[in-house]
Amino acid sequence: MGVSHWLLALLLYYAAVSRASEVRYLRHSGRRESGGEPAAGSLGLSAGLGLGGLNNATENPIDLLFEDEADPSAGLKEELVVRGQEVVFECVVAEDAKVVEGDDSVEGEVRWYHDGSQIKGDLRMSIMWTGRLVMSHAVSADSGVWWCRRSGREGPRVRLVVTIPPERPYLEYGDARLAAGGRLTTRQGNSITLNCVVEGGNPAPSIAWVLGGEDISPSSQMRSEWRAEEGVFYSTSNLTLPSVEKELHNSSVACVVRHPALPVPVPVPLRLNVQYPPAFRLRRWPMWGTPVREGASISLLCAVDANPPSSPTWVKVTERGTTEVASSGGWLNLTRVTDTDRGWYKCATVHTFGRFASHSVFINVMPGGRTASVSSQNSLLLRKTTYSDGGRYRCVASDATRTVESDDVDVVVTGAPVVEAVNSTVLSIGGRPTALTAHVCGRPSVSTLTWLPPAHLPPVRPGETNDRFKAHNLTASETPDCQYAVMTIVGVRASDAGNWVLVGVNDRGASAALIRLNITAAAHSVTANGARAMSHAHSAATQAFLAAVLILFYAARDRMWA
């Protein structure tokens with residue numbers, strides 16, 4: 001984890017734990033001359049205040065003090081120094097100060113006192129002729145109250161606190177030490193216990209916990225142990241999360257250590273990787289509840305939320321079980337649906353925790369088409385009508401001697417819109433302008449038309465422009481009640497590739513067309529261009545052949561039904 005992560009974490013947690021006025025530190029005076037070395041003891045610390053009461057007594061409990069608690073020096077000016085740092089005290093005595101009774105100092109003499117004992121100069125501690133006291137390096141035993149006397153008159157008292165900075169804190173899970181900024185993987189619903197360990201330091205540090213930017217220190221427990229042989233505390237704070245939910249996935253949990261010897265709080269962050277089973281979200285075009293007639297198109301989209309991620313597939317439920325149907329990226333696109341497409345569908349996925357499936361959705365394909373009767377004797381039956389069937393019809397009868405024509409009959413085809421791609425697959429070269437075209441028919445005409453690009457791009461409606469994408473207004477078609485919809489892309493990129501869906505809606509229903517956009521790199525030789533041209537020609541010929549076969553099939557079937 002880089003320096004930038006630490007700076008960001010520091011800014012995030014500093015506000016949550018910067019209650020300096022509420023923090024109380026457990027201190028050890030460091031005195032040794034009064035009763036020998038104190039035995040190691042343990043102190044239980046409440047998470048709310050940072051410290052609490054004594055759990056186990058020590059041999060010298062008077063040496064373990066809380067800040068501003070039963071201390072006669074409370075309220076004095078306090079100076080914090082780090083062990084080994086140079087300390088300088090100036091002897092400043094007010095002119096109106098009274099001579100201390102019983103003091104035998106001569107005029108101009110300066111004496112220094114530490115906790116009531118007079119200090120004599122030595123190699124580490126010097127008293128200058130100006131009265132200044134200089135300690136070359138502070139030790140733990142120097143903690144306490146200091147003051148001077150000049151000519152028997154006493155100066156103000158100062159409380160000196162010699163601190164020992166702790167080692168860099170770290171997190172533990174179970175018996176394993178975790179790397180700062182690392183990831184902890186657990187399953188949804190599991191309980192986890194984290195330990196924040198701070199080795200060294202005097203006074204004992206304060207440890208807070210932050211989860212997702214919120215202070216959760218009251219849920220933790222802290223314990224500090226005094227180690228006399230080292231003259232420092234060993235502190236541990238425990239945090240238990242009884243049930244880790246999926247909402248905590250990718251959240252950051254951190255212990256934040258404060259200490260007088262540290263210029264700023266030190267956070268130890270950890271990222272939670274919460275594994276959870278799949279949850280499904282299904283969408284449909286046209287929208288749910290809209291009737292689907294034969295010959296129309298329908299699209300289903302399945303989004304799976306899971307960790308680890310898993311890919312969705314669509315299956316059709318039959319009497320024999322389930323059968324996987326062709327889908328891509330969660331999309332199930334059914335074009336020109338027939339009665340065989342009617343049935344129950346559901347989205348399934350294979351996950352680390354097993355196989356999962358969504359609830360089933362039913363696609364009901366309704367019969368399409370209308371019948372127009374021209375006369376009582378000779379009828380024209382239009383089955384599976386399309387909008388191109390609309391127009392003016394006339395019956396013509398003839399024999400060997402004459403020809404008779406009936407009056408004109410206007411046939412109007414109404415219903416849900418039909419949206420069809422002019423080319424269901426479009427291949428373009430990166431950097432070139434590209435157009436996607438669809439044929440939109442409807443009576444009444446479509447009220448809403450929306451281009452749905454791949455998931456990472458926003459939708460666009462006719463007349464709108466979004467960056468390089470422009471949806472043109474509808475243009476007239478040679479077929480009655482039909483129009484062309486065109487989407488142009490300036491300087492097409494590889495990121496534009498994917499499924500483009502055009503959805504049309506009127507008051508009778510909705511329809512959608514799918515256009516697959518493929519992007520290739522620019523060719524670098526004439527030979528490559530020629531090969532690509534031949535490939536395109538072959539593809540176009542194949543599509544034309546298939547279209548002709550379908551036309552002949554439908555024509556033959558219509559003649560058979562007629």
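Residue numbers count from 1 along this sequence. Computed from a predicted model, the values in this text were never measured in an experiment.
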How long is the span from the [atom1] atom in [X] to the [atom2] atom in [Y], to the nearest 0.5 Å?
| X | Y | atom1 | atom2 | value |
| --- | --- | --- | --- | --- |
| E199 | E230 | CD | CD | 9.0 Å |
| T323 | W314 | OG1 | CH2 | 15.0 Å |
| E464 | F469 | CD | CZ | 14.0 Å |
| N307 | Q275 | CG | CD | 6.0 Å |
| S360 | Y345 | OG | OH | 11.5 Å |
| Y113 | W147 | OH | CH2 | 8.5 Å |

Sidechain N-carboxylate O distance under 4.0 Å for E154, R157:
yes
*Would you mind checking if R153 and D103 are paired as a salt bridge, meaning a charged N to carboxylate O distance below 4.0 Å?*
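Looking at D103 and R153, the cut-off is not met.
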Can a donor-acceptor pair be found, under 3.5 Å and without considering hydrogens, that links the side chain of [X] to the backbone of [Y]?
| X | Y | result |
| --- | --- | --- |
| S143 | V162 | yes |
| R271 | G181 | no |
| H259 | P203 | yes |
| H351 | P278 | no |
| N202 | T163 | no |
| S252 | G212 | no |

Minimum-distance pair of heavy atoms, taken over all atoms of [X] and [Y]:
| X | Y | value |
| --- | --- | --- |
| F280 | C302 | CD2-SG, 3.8 Å |
| L171 | C255 | CD2-SG, 3.7 Å |
| L452 | P459 | CD2-CB, 3.8 Å |
| Y170 | V268 | CA-CG1, 4.3 Å |
| S310 | A306 | OG-CB, 4.1 Å |
| A326 | L332 | O-CD1, 3.4 Å |

Exercise: do [X] and [Y] side chains pair donor with acceptor under 3.5 Å:
| X | Y | answer |
| --- | --- | --- |
| E324 | T322 | no |
| N273 | N250 | no |
| T240 | T193 | yes |
| S237 | W209 | yes |
| T236 | N195 | no |

Residues 278-289 vs side chain to side chain donor-acceptor pair (under 3.5 Å), sequence neighbours excluded, gives none
The single option from S328, S299, S327 that satisfies side chain to side chain donor-acceptor pair (under 3.5 Å) with N333 is S299
Any side-chain heavy-atom pair from [X] and [Y] closer than 4.5 angstrom?
| X | Y | result |
| --- | --- | --- |
| M487 | V460 | yes |
| Y234 | S224 | no |
| I119 | W146 | yes |
| P265 | V257 | no |
| K98 | V100 | no |
| V315 | K346 | yes |
| E109 | D104 | no |
| N466 | P458 | yes |

Cation-pi geometry met for R132 and F89 (6.0 Å, 45°): no
Take a 6.0 Å sphere around NZ of K470 and say whether it holds more than 12 heavy atoms from other residues, nucleotides or ligands. no
Would you say CZ of R111 has more than 12 non-hydrogen atoms from neighbouring residues, nucleotides or ligands within 6.0 angstrom?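 Atom CZ in R111 is crowded, with more than 12 foreign heavy atoms closer than 6.0 Å.
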Validation: residues 490-502 side-chain donor-acceptor distances under 3.5 Å, sequence neighbours left out:
from: D496; atom 1: OD1; to: R468; atom 2: NH2; distance (Å): 3.0
from: D496; atom 1: OD2; to: R468; atom 2: NH1; distance (Å): 2.9
from: D496; atom 1: OD2; to: R468; atom 2: NH2; distance (Å): 3.2
from: D496; atom 1: OD2; to: R493; atom 2: N; distance (Å): 2.9
from: N499; atom 1: OD1; to: R516; atom 2: NH1; distance (Å): 3.4
from: W500; atom 1: NE1; to: D496; atom 2: O; distance (Å): 3.0

**OP:** Please lay out, stage by stage, how L334 and I363 fare under the test side chain to side chain contact (heavy atoms under 4.5 Å, CB included).
**Re:** CA-CA 11 Å; L334 302 176; I363 296 180; 4.0 Å; yes
_With sequence neighbours excluded, residues passing ring-ring contact (aromatic ring centres under 6.0 Å, His included) with Y173_ =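 ring-ring contact (aromatic ring centres under 6.0 Å, His included) list for Y173, sorted by chain: empty.
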Test side-chain contact (heavy atoms from CB on, under 4.5 Å), reference V253, set V210, L272, L184, output is L272
### Message
Can you tell me how the ring of H249 sits relative to the ring of Y276, calling it parallel under 30°, perpendicular over 60° and tilted otherwise?
### Response
perpendicular
Note to self: Could you go through V87 and M125, starting from their C-alpha distance and side-chain angles, then the distance that decides it, and tell me whether this counts as side chain to side chain contact (heavy atoms under 4.5 Å, CB included)?
What the structure shows: CA-CA 9 Å; V87 179; M125 202 171 300; over 6 Å; no
*Starting from the C-alpha separation in whole Å, work towards a yes-or-no answer on side chain to side chain contact (heavy atoms under 4.5 Å, CB included) for E172 and L178.*
CA-CA 6 Å; E172 286 183 341; L178 304 177; over 6 Å; no
Stepwise side chain to side chain contact (heavy atoms under 4.5 Å, CB included) test for R124 and V139
CA-CA 10 Å; R124 189 177 66 87; V139 297; 4.0 Å; yes
